[in-house]
Every structure is written in C-alpha cells, then in structure tokens.
Amino acid sequence: MKEIRVRFAPSPTGSLHIGGVRTALYNYLFAKKLNGKFIIRIEDTDQNRYVDKAEEYIYDSLRWLGLEADESVEKGGPFAPYKQSERLDIYKKHAYDLVEKGWAYFAFDTAEDLEQAREKSKEGGVSTFQYNAATRMLMKNSLSLSPDEVEQLKQNQPFVIRLKVPKKEEIRLNDLIRGWVMVHSSTMDDKVLLKSDGMPTYHLANVVDDYLMKISHVIRGEEWLPSAPTHVLLYQAFGWQNEMPLFAHLPLLLKPEGDGKLSKRDGMLHGFPVFPLSWTDTETGNVISGFREEGYLPEALINFLAFQGWNPGTEQEIFSIWELIEAFSLERIGKSGTRFDIQKAKWFNHYYLQQKPDVFFAEAISKVLEPCGLWKEGKKLGAWVNLVKSRSSFVADMLTEIRQIATWPVAPDEETLKSKWNEDAKRGLIAFSDLLAEREDWSAEELKFVFQSEMEKLGIKPGKVLPNLRMALTGKAAGPDLMTIAEVLGGTISAQRMRDSLQRFSLLTGI
RNA sequence: GGCCCGUUCGUCUAGGGGUUAGGACGCAUCCCUUUCACGGAUGAAACACGGGUUCGAUUCCCGUACGGGCUACCA
C-alpha cells in the first residue's frame, strides 16, 4: 500500500482561521491514524496579500494545539523546501512543459483587455465572461496570434500561462466525502497557471507540489471543490493521473446565525474567538484575542473542533487526541456545513478544566491572592481550587471568584441586607465570630458543626443567619460554600471581616 | 445569472425502506443547597416541500424551495 502522506497548506495572508485549524486537525488525525506523514507546506505565492507575521503565527498555533508536522519549513524533510516561494523554478519549468505539450499557452491580455471582455459579455447577456475554448481565439494569446507576434509580445510585455481546457470533456472526480462529482469542461475556464510576476497560482503550485511531495490524500475545505476538476485536468496534462491523490472536501464552518461562512467579524460580533491565538491586525493594529487568550485549553479546543463536522458514530463525546486518532475516519465526516457552536466549546472547556490537577492553577491563583495578603505559605491551594473549580468553565472564572472572596467586603449587597438582616442574625453572627476567632486553622467540616450547634444553643434557625454570614464574609448574596470560604480565609480574617461587617451593617440599617 | 455541493430537534449529530427517530449542547422543571453555581433526574424540541418507486419512505429516484461554495494574474 502507498504511504499515507497528507498536507496542510495554509497561505500566510493573515491569521489562521479556526476553520483552517480544523482542516489541519483532520489532516493530522488522518495521518496519525494510518501511520502516515503530516506535512505543512506554506503557500506564499500571493505577493500582494502576504503578511509577514502570519507564517510564524501558523506554527505557533499548531504547536499550541500539539499538531506537530513530520515535514515542514521548520522541520525540513526529504522534499524540502516546503515553502512555495522557494520553489519558483520548479513551477515555471512545469508551466513551460505544459505549453510545450500543448496543454497550456501564453496569454498577453492586459487587465483592461479582460475587463473589456467581461463588459462585452455582460452586454451580450452572458452573466460572466469565461476565458475558454469558446472565447480564447478572440483573445490575445499564443493560440490566436502568429508565432512572430507571440515572440514579439513575449519580449515586450508581461504575460501569463493559461491552461488549455478541452472543449468537450466530462471531468470526473471521486471525492471521498461527496462521491462522484462530474463537471463538463465547457463550464470551466482556462485558469491562469503562471502569473505575470512569475509566481504560480494555487492551482499549478498545489498540483505540482502534491505530486512531487507524493501526497496521497488531499483533505481541504469545500471551497476548493469547484476548482478540483481543474486540478484533475492538470494531473492528466502532466501525465500523472495514476499518481493523483484522493480528494476529500470538508464541509465548511458556518456563522452561528444568519447566512454565510464563519468570519472574523462573527467573533467580534458575538464575543467569541475565531482565531486560535491572539492576532494583531496588520492594518488597524487591533489585537483580536484567540481561543488561548480566552482561556480555552488546547485539548478542549481539539475535542470541540473534531466534532464540528465529524463524529465517531458512538455516543462518546470526550476524546483525548489519542482517542481521536484511534477513532478518526474520513467516512464519518458529514457533508453539510456546520454552524459554529461556541456553547459546545465552552462545555468541552468546562469538562477539561475539571480534569486539571490543583497545581495547574497554582501560579494564577497565587497572583490573585498575594496582593490581598492571603495564601502566603501556599498550603491552602487545594482548598481554594476546590472552592471555585466546579463552578468554572475557564481559569478566568476561577480567578474572578477567588478575587471576590479575597477582597475585603466593604460594600454589602443592599437588597439582601434590607431583607435578611435582623436581631437574630446579629446575635448569631456575634456568637459565631467569637468562636471563629478562637482558632486559625478550621476545616469546613468543623466549622459547619460548630456553627450548627451554636445556633441550636441560641435557638436561632441556621437559615436566618447564613445569608448574613455570607454578606459579612464576602459582601455578596451568592457564591460557593460558606464554611469552605471561612476555612480558606482562616479564623482570624474571617472573624475580623465579620466584626467589621457587623459595624457596617449597624450603621446602614440601625440594627 | 452560471456551475458545483448540501438539507434529521434552536445547534452539533446518530440512524436508515417497517424505530416510541437515539445522544450531546442549550433551554425548562424538579431534586440537592443558606444562596449562585456544580451535580443528578425529568421534559419540551427534528426527518424542508411536492411527485414518483414500493405493501410501506424520513431513508431510494426526480423536481421545487431553501442554504452554502465557486465564478480573480486570492488562496
């Protein structure tokens, strides 16, 4: 059997879109599943749209997600270079070969010429001008001009090389996801292969590289399906039809609501990331934060992304990268576009956050606690994590909550104070604060017991005191378990906060 | 407009000629709880439409509608 070799071939024209990340993931999973090679090839043939930082961004993103390439610009490999701008001679040679074989031709039409042709066909009622078998003899190219004229023009004018698409031919393509796709060559146009600046177009470079790099499967977004027949034709033209890779065109990621595919704007509109890492817009200088900065764990993003368009056919939803590799197959990729479901991503993140050990949060938590003079000696980490983890989907959620608890409660929730504060509550609070002050290191269980028996002794219902205790300790009406909060704060601070609050409450309510 | 691709709960999807059409997210209700969450339980919620084929179609075929992509010397 042929070696499995797949490639992710982004072009460095901006941030890596999350859809691109999914394409990379599927390529990676497919390669690893079948013991093949995952290759990253940089398709930087558009000089106008080239963005300097983009290539590095692609590597950083994939590295963050653990999608490491077997062959790439960074890593090298038997088919280097893996950057198209360093392979220009190869494309040029192949383009000229095609001209020689009669499969391509030189075209001298200027932008204005083409514009005119388009105008004219619109007037004639044809909606879109096509440069093809029907029109090419009307244009300025090496098919319509005499050899002398061609030589002359080649000397003095920029020109492109175009594919000579046959007039009447059925182009067939068996897509792994969509089945047979048939297109008549009369509806295709003579795509430019080599641009006038000497750069290849995607079509040429892609086919040449996939062939030379022995790519076995082309797994890419559905936006490429319309040009796939051109690529098939190119394989035929080069005489590589027997080495042609298998194609799998992935369904697109759609906007969460409304029409169209997911875009940068959607993220900003709905307040969720669409980039893996934060990206600084080259034109505006605006920083758009990414999944990583928003607190998504890489394993959660991977798991989530895997399910946007693929499913294992079982009811299992939580998959490690290893399990994904094991379970992945092209056959189980859906055909229809997928609306981007950020809720599901959050749910995955919540799950994966719960799996993290306490030390994972140590640094972030200590940064919040230290300015508040808490947790200096580092021994209460587990208790702090315990307090907030299960309620959180992101580390930031945990920190927000911890910050609220760590901050001295100077402004009690007035609603609660008005409705809950009374003489009984006051008595209970005074008694409990005295008890708390006796010791520093209480456990939540001990406190619970002490509290309960004290309230019993005083003949006060615990429910009357508890909301006020929360107010006294944190200033808030809602939050995590109270006794655990007291444990984590320690006896001294807890008692101090309560006495402090007692005074404040009196001042505010007269009780 | 032309060409190509698609269409099962709001969303991601399973299924497939005869099923109570299954799961997950989200939503609602209940339980747990001082509270907000977490967790647990329950519930509402879908085969786009019209023709065939068939004893029978959500499933196969054809149309229509709708959605998407492409239609550049962008990828």
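Each chain gets a letter, A, B and so on, in the order its sequence line appears, and its residues count up from 1. No experiment lies behind these values; they were computed from the predicted model shown.
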With a non-hydrogen cut-off below 4.0 angstrom, is [X] in contact with a base, only sugar-phosphate, or nothing?
X: A:G260; result: sugar-phosphate
X: A:R178; result: sugar-phosphate
X: A:G309; result: sugar-phosphate
X: A:T45; result: sugar-phosphate
X: A:Y202; result: base
X: A:K261; result: sugar-phosphate
X: A:H350; result: sugar-phosphate
X: A:D109; result: base
X: A:K344; result: base
X: A:L194; result: nothing
X: A:R220; result: nothing
X: A:T13; result: nothing
X: A:V160; result: base

Is the NZ or CZ atom of A:R136 both under 6.0 Å from the centre of the six-membered ring of A:Y131 and within 45° of that ring's axis? no

Indicate the ring-plane relationship of A:W224 and A:H231, choosing parallel, tilted or perpendicular according to the 30° and 60° boundaries.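 Correct class here is tilted.
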
Any Lys/Arg nitrogen of A:D210 or A:R41 sitting under 4.0 Å from an Asp/Glu carboxylate oxygen of the other?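 Here A:D210 pairs with A:R41 in a salt bridge, since their nearest N and O are under 4.0 Å apart.
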
Does the pair A:E487/A:K448 count as a salt bridge with the N-to-O cut at 4.0 Å?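 Salt bridge absent between A:E487 and A:K448.
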
Using OP1 and OP2 only, check whether a side-chain N or O of [X] sits under 4.0 Å from [N].
X: A:T338; N: B:rU13; result: yes
X: A:R162; N: B:rC73; result: yes
X: A:K389; N: B:rG39; result: no

So, applying ring pair (Phe, Tyr, Trp, His ring centres under 6.0 Å) with A:Y26, which one of A:F307, A:W310, A:F328, A:F8 is it?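 Answer after filtering A:F307, A:W310, A:F328, A:F8: A:F328.
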
At less than 3.5 Å, do the side-chain atoms of [X] and the base atoms of [N] form a donor-acceptor pair?
X: A:T128; N: B:rG1; answer: yes
X: A:R470; N: B:rU34; answer: yes
X: A:S196; N: B:rC73; answer: yes

Need the pair for B:rG26. Rule: Watson-Crick or G-U wobble, both distances under 3.5 Å, any strand; none if unpaired.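 Pairing partner, where one exists within any strand: none, as none qualifies.
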
